[in-house]
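Single-structure report; data block below.
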Amino acid sequence: MGRYDHISDTRLCAEVARYGRMLQRMEERGEVLDRTADILTILGELRQMVFAWEVSCTYGDDLGSEEASTA
């Protein structure tokens, strides 16, 4: 089980919007190229969230119960 297994639509949307605002602030301050490591870290977290959300939408809560029964 992953860190974002039960991420809601609302939380995913909020996190993506928060990332967008953060990038805009970096751009306004001229920090984008100086903070590429931070940007990549955040992109990695967003990728994990989107993947978990996609899996949840595809399999629903059945995935967790199936894994428990096969373990």
Side-chain angles (χ1 to χ4, degrees):
M1 301 300 284
R3 183 173 173 183
Y4 301 111
D5 282 348
H6 301 289
I7 190 167
S8 69
D9 298 353
T10 305
R11 176 155 181 229
L12 180 59
C13 286
E15 292 293 338
V16 170
R18 184 174 70 91
Y19 178 70
R21 288 188 302 270
M22 192 180 319
L23 270 178
Q24 286 177 327
R25 283 192 305 270
M26 285 182 196
E27 184 180 18
E28 289 168 1
R29 296 174 186 161
E31 300 174 342
V32 172
L33 296 179
D34 296 332
R35 299 194 53 198
T36 54
D38 295 331
I39 292 169
L40 288 174
T41 299
I42 295 167
L43 277 174
E45 286 294 311
L46 282 175
R47 185 201 58 78
Q48 289 178 45
M49 289 178 204
V50 170
F51 180 77
W53 178 81
E54 287 178 331
V55 169
S56 175
C57 288
T58 302
Y59 296 105
D61 289 333
D62 295 338
L63 182 63
S65 61
E66 288 176 20
E67 286 180 352
S69 65
T70 60

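Position 1 is the first residue of the sequence, and the numbers go up from there.
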Problem set entry | Gap separating the CD atom of E31 from the OG1 atom of T36, nearest 0.5 angstrom | 12.0 Å
Problem set entry | S56 (side chain) donor-acceptor with A52 (main chain) under 3.5 angstrom | no
Problem set entry | Pairs satisfying salt bridge (Lys or Arg N to Asp or Glu O under 4.0 Å), at least one member in residues 9-19, at least two apart | R11-E15, E15-R18
For this session: Flag yes if more than 12 heavy atoms outside L40 fall under 6.0 Å of its CG atom; otherwise flag no.
Result: yes
For this session: Nearest 0.5 Å please: distance from the CD atom of Q48 over to the CD atom of E45.
Result: 5.0 Å
For this session: Considering non-hydrogen atoms only, spot the tightest contact between L12 and M49 and give its length.
Result: CD1-CB, 3.8 Å
Exercise. Taking a hydrophobic cluster as the set of Ile, Leu, Val, Met, Phe, Trp and Tyr residues connected by side-chain heavy atoms closer than 4.5 Å, whether directly or through intermediates, do F51 and L46 fall within one such cluster?
Worked result: no
Exercise. Under a single-linkage definition using a 4.5 Å side-chain heavy-atom cutoff for Ile, Leu, Val, Met, Phe, Trp and Tyr, are I39 and M22 assigned to the same hydrophobic cluster?
Worked result: yes
Problem set entry | Residue list, salt bridge (Lys or Arg N to Asp or Glu O under 4.0 Å) with E54, at least two apart or on another chain | none
Problem set entry | Cluster check I7, Y59: I/L/V/M/F/W/Y, side chain < 4.5 angstrom | no
Problem set entry | Shared hydrophobic cluster for Y4 and V55 (ILVMFWY, side-chain gaps under 4.5 Å) | no
